[in-house]
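See structure below.
Positions are given from 1, in the same order as the sequence printed here. Since we're looking at a predicted model, the values are computed, not measured.
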Amino acid sequence: MKNIFCLLAGILLSFSAFGQEDATKITYAHNTFEGTRVVVGHSVEMLKEGEMDFLIAHKFGRINGGLYEFFGLDQAIIRIGFDYAPKDWINIGIGRSSLDKQVDGFVKLRLLRQQSGAKNIPVSVTGLSTGAITLLRSADVTEPIVFQNRVSYCHQVIVARQFGERFSVQVSPSVTHYNLVENRDLKNDVFSIGAAGKYQLTKALAFKAEYYYSLPNQLAENKTNSLALGFDIDTGSHVFQMHLSNSGGLTEPAFIGNTTGDWLKGDIHFGFTISRVFKLKGRRY
């Protein structure tokens, strides 16, 4: 009887110790979004220290171009980019887009990370600053575009929450600054709010959507809000995404304030993005 009592006491003590250890454990939200982009806009996700993400993004012409334009496939906008994480809490990147021959770069900082356990933080938060330079030559060689008028910026605070293993949402209050606007009646700063979501359909397939709403009386009459829908396919070594969007731009200044397409009129671009992450330093996993 004494041996049985000792055995039961030992089991109870082991459960108690396990409970105390589990209470001090921190569990982080994992894979809130499939990668560092939702569709074309940034997600809250960050690369790990020493990782480099090689991104190739394509957008074709508008589907309503008809058979003559092969439903947009005769035209293409391409961006090639490299993202890198010197540390877990900071990502930097650079890219080149064929649209307006634009060169862009960004800095992204992790401010908060959703976690539970010893410390509960309900959301993940990152800060993003991007800049873009348009290198397209002026149509009139007698009136060249000065350098400062080629520059635009975008700053965002990205707030996201993961609900279970399948569903995630994020919002992105944004301010985009254009050094040069189309006419004097337009403002150089455009304030907008991005909203995005992800639903994990299977282990390898996820549906994503993102929408950027610009506050009223800021854009020219021919400009519209950007809406994009896409599917991510995780092959294990690559993430392949197919998407539809009313914007041809592949950077924040290009699609937040310069979208002209209307979904209801068929101004829809088909596109795809290939993402491949390489481990450049540190232990491989």
Looking at [X], I want to see if its [atom1] is surrounded by more than 12 non-hydrogen atoms of other residues, nucleotides or ligands under 6.0 Å.
X: Tyr68; atom1: OH; answer: no
X: Gln148; atom1: CD; answer: yes
X: Asn217; atom1: CG; answer: no

Phe54/Phe278 aromatic ring centres below 6.0 Å: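 Not close enough - the centres of the two rings lie 6.0 Å or further apart.
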Set of side chain to side chain contact (heavy atoms under 4.5 Å, CB included) partners for Tyr153, sequence neighbours left out: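 Only Val151, His155, His177, Asn179 meet the side chain to side chain contact (heavy atoms under 4.5 Å, CB included) criterion with Tyr153.
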Contacts of Leu219 that satisfy side chain to side chain contact (heavy atoms under 4.5 Å, CB included) - sequence neighbours left out: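 Result, side chain to side chain contact (heavy atoms under 4.5 Å, CB included) vs Leu219: Val190, Ser214, Lys223.
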With sequence neighbours excluded, residues passing ring-ring contact (aromatic ring centres under 6.0 Å, His included) with Phe207: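 Phe207 satisfies ring-ring contact (aromatic ring centres under 6.0 Å, His included) with Phe231 only.
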Between Asp262 and Asn246: side-chain donor-acceptor atoms closer than 3.5 Å: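 Short answer, no.
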Side-chain donor-acceptor contact under 3.5 Å, Thr260 with Asn222: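 No, Asn222 and Thr260 have no side-chain donor paired with an acceptor closer than 3.5 Å.
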Plane angle bin for His58 and Phe272 - parallel if under 30°, tilted between 30 and 60°, otherwise perpendicular: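 Taking His58 first and then Phe272, their aromatic rings lie parallel (interplane angle under 30°).
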So do the side chains of [X] and [Y] get within less than 4.5 Å of each other, counting heavy atoms only?
X: Ile92; Y: Pro86; value: yes
X: Thr176; Y: Glu252; value: no
X: Ile158; Y: Val125; value: no
X: Arg96; Y: Gln102; value: no

Testing the basics here: between [X] and [Y], what is the closest heavy-atom pair and its distance to 0.1 Å?
X: Glu210; Y: Gly41; answer: OE2-N, 3.1 Å
X: Gln162; Y: Asn31; answer: NE2-O, 3.5 Å
X: Leu99; Y: Ala254; answer: CD2-CB, 4.4 Å
X: Tyr213; Y: Asn225; answer: CD1-ND2, 3.5 Å

Arg161 NZ/CZ over Phe163 ring centroid, <6.0 Å and within 45° of normal: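 Because its charged atom sits under 6.0 Å from the ring centre and within 45° of the axis, Arg161 does stack over Phe163.
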Row check, Tyr28 ring normal vs Arg113 NZ/CZ: under 6.0 Å, within 45°: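 That pair qualifies as a cation-pi contact.
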Shared hydrophobic cluster for Ile80 and Tyr84 (ILVMFWY, side-chain gaps under 4.5 Å):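 In one cluster: yes.
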Check against side chain to side chain contact (heavy atoms under 4.5 Å, CB included), Ile56 and Arg276: CA-CA 9 Å; Ile56 303 175; Arg276 179 67 167 94; over 6 Å; no
Whether Gln200 side chain and Thr202 backbone form a donor-acceptor pair below 3.5 Å: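 Checking the backbone N and O of Thr202 against the side chain of Gln200, a donor-acceptor pair under 3.5 Å is found.
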Trace of the salt bridge (Lys or Arg N to Asp or Glu O under 4.0 Å) decision for Lys48 with Asp88: CA-CA 5 Å; Lys48 297 177 182 178; Asp88 285 338; over 6 Å; no
